[in-house]
There are 2 protein chains.
Amino acid sequence: MAQKIKLSTIADALGVSTATVSLALRDSPLVADTTRQRIKEYARTIGYIYNRRAASLRTSRSGIIGVVVHDIMNPFYAEILRSIESELDRSRQTFLLSNHYDQLEKQRTFIDTLLQLGADGVIMSPAIGTPAEDIRMAEENGLPTVLIARSVEGANVPVFRGDDAYGISLATNHLISLGHTRIAMIGGTDHTSTGRERYRGYVAAMQAAGLEVKPEWRFPGPRTKQAGFEIAGAFLALKDKPTAAVCWSDLVAIGLMNGIARAGLVPGRDISVTGYDDLEEAAIATPALTTVWNGQREVGRRAARVLLDRLNGAEVAPTQELIKPELHVRQSTGRPVER
Amino acid sequence: MAQKIKLSTIADALGVSTATVSLALRDSPLVADTTRQRIKEYARTIGYIYNRRAASLRTSRSGIIGVVVHDIMNPFYAEILRSIESELDRSRQTFLLSNHYDQLEKQRTFIDTLLQLGADGVIMSPAIGTPAEDIRMAEENGLPTVLIARSVEGANVPVFRGDDAYGISLATNHLISLGHTRIAMIGGTDHTSTGRERYRGYVAAMQAAGLEVKPEWRFPGPRTKQAGFEIAGAFLALKDKPTAAVCWSDLVAIGLMNGIARAGLVPGRDISVTGYDDLEEAAIATPALTTVWNGQREVGRRAARVLLDRLNGAEVAPTQELIKPELHVRQSTGRPVER
DNA sequence: CTGAAAGCGCTTACAG
DNA sequence: CTGAAAGCGCTTACAG
């Protein structure tokens, strides 16, 4: 590697000051056209690489935005990330991604890294148990924060997520209207706002229809395809077996359907199943999954937009925005079959 | 936000020099135990945040490692990333992730960002059409590079990937040994080393067994579940329809099986299907997918390890390492059914 | 074991 | 329109 090329290398070669070079490269109108062109041209030919660390140290803006979610491998988050990415790309921000796997320690380490790097902001789907204090700390240290998918009690920042109680009621009511009376709720955890809201919505819909909610019809826990698959046995072994299952997510639903099929029953005919999220995959599952669209794109896009607005100095109200979910009916639900 | 706390804040408060504070915080043995403890204790209580930009400007090590792949949403890459992540975590490196979606421009922008941030190295699954020159440029500018999953002709850096020709021959020979003679190859592209190798391996296995390879039995293109699903129609419409399909990946295979099921046939009985990668999902697909384990974990782990070694000054040979794939037989393959 | 000082490569008032 | 100079917050020889 040759001698490091820096602003002063260019300045010396062209007989101008580093100030002029700096301004020219950033297209400042202060610099004469011809000067600017000469400088940019020369910088290109010698392969100058801008040193963002130096600039950032001086300006205290880094161009980095952190994004931390439970697990980027989960398609639900992946779809959100996709839209965040396209939004940030447009404004030339670099985005730093991390999983926290619901480990508070990992999340804290990441926030710390962001602070050390002087990140401009962070979008997070907070880990289970995140105290409002953690978010306040980030904000106080100059790291504007926006929450997605889950809220944190007492945190004074914008939140974008779906209306979970309403969304799950769409699925539950759909099954009720098909004639199901014994409906299980599979997956999810009470440790997140999302989990609590969905269970609440399910119970409310059942009770509103005058239907019984049996404790053994609830299978908390599963949040992956694998876990949905594995729970099928216990579900099918219930006496007075429910004829339908409202699942916590598409992943759980698809896993469950695979488990049901493996047991020789036909999901969508013998057992109706609903998902939640409407992942791309839901439409090509067998049978195609009836599910609740949860606005991933919308959540990501709006969270990124609001954060960028904050960075540009806009005052943003720390309010919670609930995206309205929609029911997408496909083949995994039908009238109950009594046998 | 209060006045920014920096090394000198601590130094002044404690009546020592910034040099001592700097050394103490990094646990240098040069500093007396009691001094160090006093300093660290004080730093904690006032909430000091280390400024990595400043440090990095001075030391020219940033602690950042870039990782760029086609698409992190693809479980194949996600599984690789997972193992890279756990490897890098251990050595306290921050990893900066990006998709290139096989757009050279996007990949270049990312490499540029890494250079500007002074990243310590990059692990990449190169975008289609990446010239060796791009990699040489990164290396010459002090960005050590390691390739995964795909190789680049003429690039003089370590590569970790599966032995594709061998792997696909395992799948093809398995079908042949079950008695299949009309076997299609579905998905993949000739634009990547991976795609070429797998097709080559399939053709070689067929020919070695004295079987015919019809051009219309090849369906290039599909690389997603969705695309596998959509190709099912064309595949099933072939005259002299093949009794088996070797798929380019698990995603394509699972999509294809869904498409076959949607058409009223039973995958694994009417049509045998093999995947490639052995994603976590393969085992819970319906039917469970016979596939080729492609060593994602291994690829990620070793790529990260080698890069870290290079950062620590080890000489690393720029050789290509082929991970040996293994056939995992499940329920999606069986003897051919003539009807 | 500790301190004074230079320097990493930018940007930004300020002066002309 | 351009230049001289200070300063962002660290680390690292060097001296003691």
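Both backbone and side-chain heavy atoms feed into the values below; hydrogens, waters and symmetry mates do not. Predicted model, so just to flag it, every value in this text is computed and none were measured. Order of the sequence lines fixes the chain letters, A, B, ..., with proteins taken first and strands second; residue numbering starts at 1 for each chain.
- Between S22(B) and the phosphate of dT11(D), there is a side-chain N or O to OP1/OP2 separation shorter than 4.0 Å.
- Position along DNA chain C of the nearest nucleotide to A54(B) versus V16(B) favours V16(B) as the more 5'-ward residue.
- Donor-acceptor pairing under 3.5 Å is recorded for the side chains of R53(A) and S56(B).
- Applying the 4.0 Å criterion to OP1 and OP2 of dT2(D), one finds that T20(A) has every side-chain N and O outside that range.
- Nucleotide dG9(C) holds its C1' atom 12 Å from the CD1 atom of I10(A), rounded to whole Å.
- Using a 4.0 Å heavy-atom cutoff across all strands shown, G15(B) reaches sugar-phosphate atoms only and no base atom.
- The residue from R223(A), Q107(A), H191(A) that alone fulfils the side-chain contact (heavy atoms from CB on, under 4.5 Å) condition with D102(A) is R223(A).
- Atom NZ of K6(B) and atom P of dT11(D) are 14 Å apart (whole Å).
- The side chain of R26(B) places an N or O atom within less than 4.0 Å of a non-bridging phosphate oxygen (OP1 or OP2) of dT12(D).
- For the residue pair R52(B) and T94(B), a side-chain donor N or O sits within less than 3.5 Å of a side-chain acceptor on the partner.
- Look at Y48(B) and you won't find any side-chain N or O under 4.0 angstrom from OP1 or OP2 of dG9(D).
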Study note, to complete from the structure: Each base of DNA chain D marked ( ) or [ ] if paired in-strand (Watson-Crick or G-U under 3.5 Å), | if paired to another strand and . if unpaired gives |||.||||||||.|||

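- When each of R53(A) and T34(B) is assigned the nucleotide of DNA chain C with its nearest heavy atom, T34(B) is the one assigned upstream, toward the 5' end.
- Of the N and O atoms on the side chains of R26(B) and S22(B), at least one donor lies less than 3.5 Å from an acceptor on the other residue.
- The phosphate of dT2(C) has OP1 or OP2 within less than 4.0 Å of a side-chain N or O from T35(B).
- Distance from the side chain of R58(B) is smallest for dC8(C) among the nucleotides dC8(C), dT2(C), dT11(C).
- Considering only side-chain atoms of L57(B), the nucleotide from dT12(C), dG9(D), dC10(D) that sits closest is dG9(D).
- Annotation: of the two residues near DNA chain D, A19(B) and N51(B), the 5′-most nearest-nucleotide partner is N51(B).
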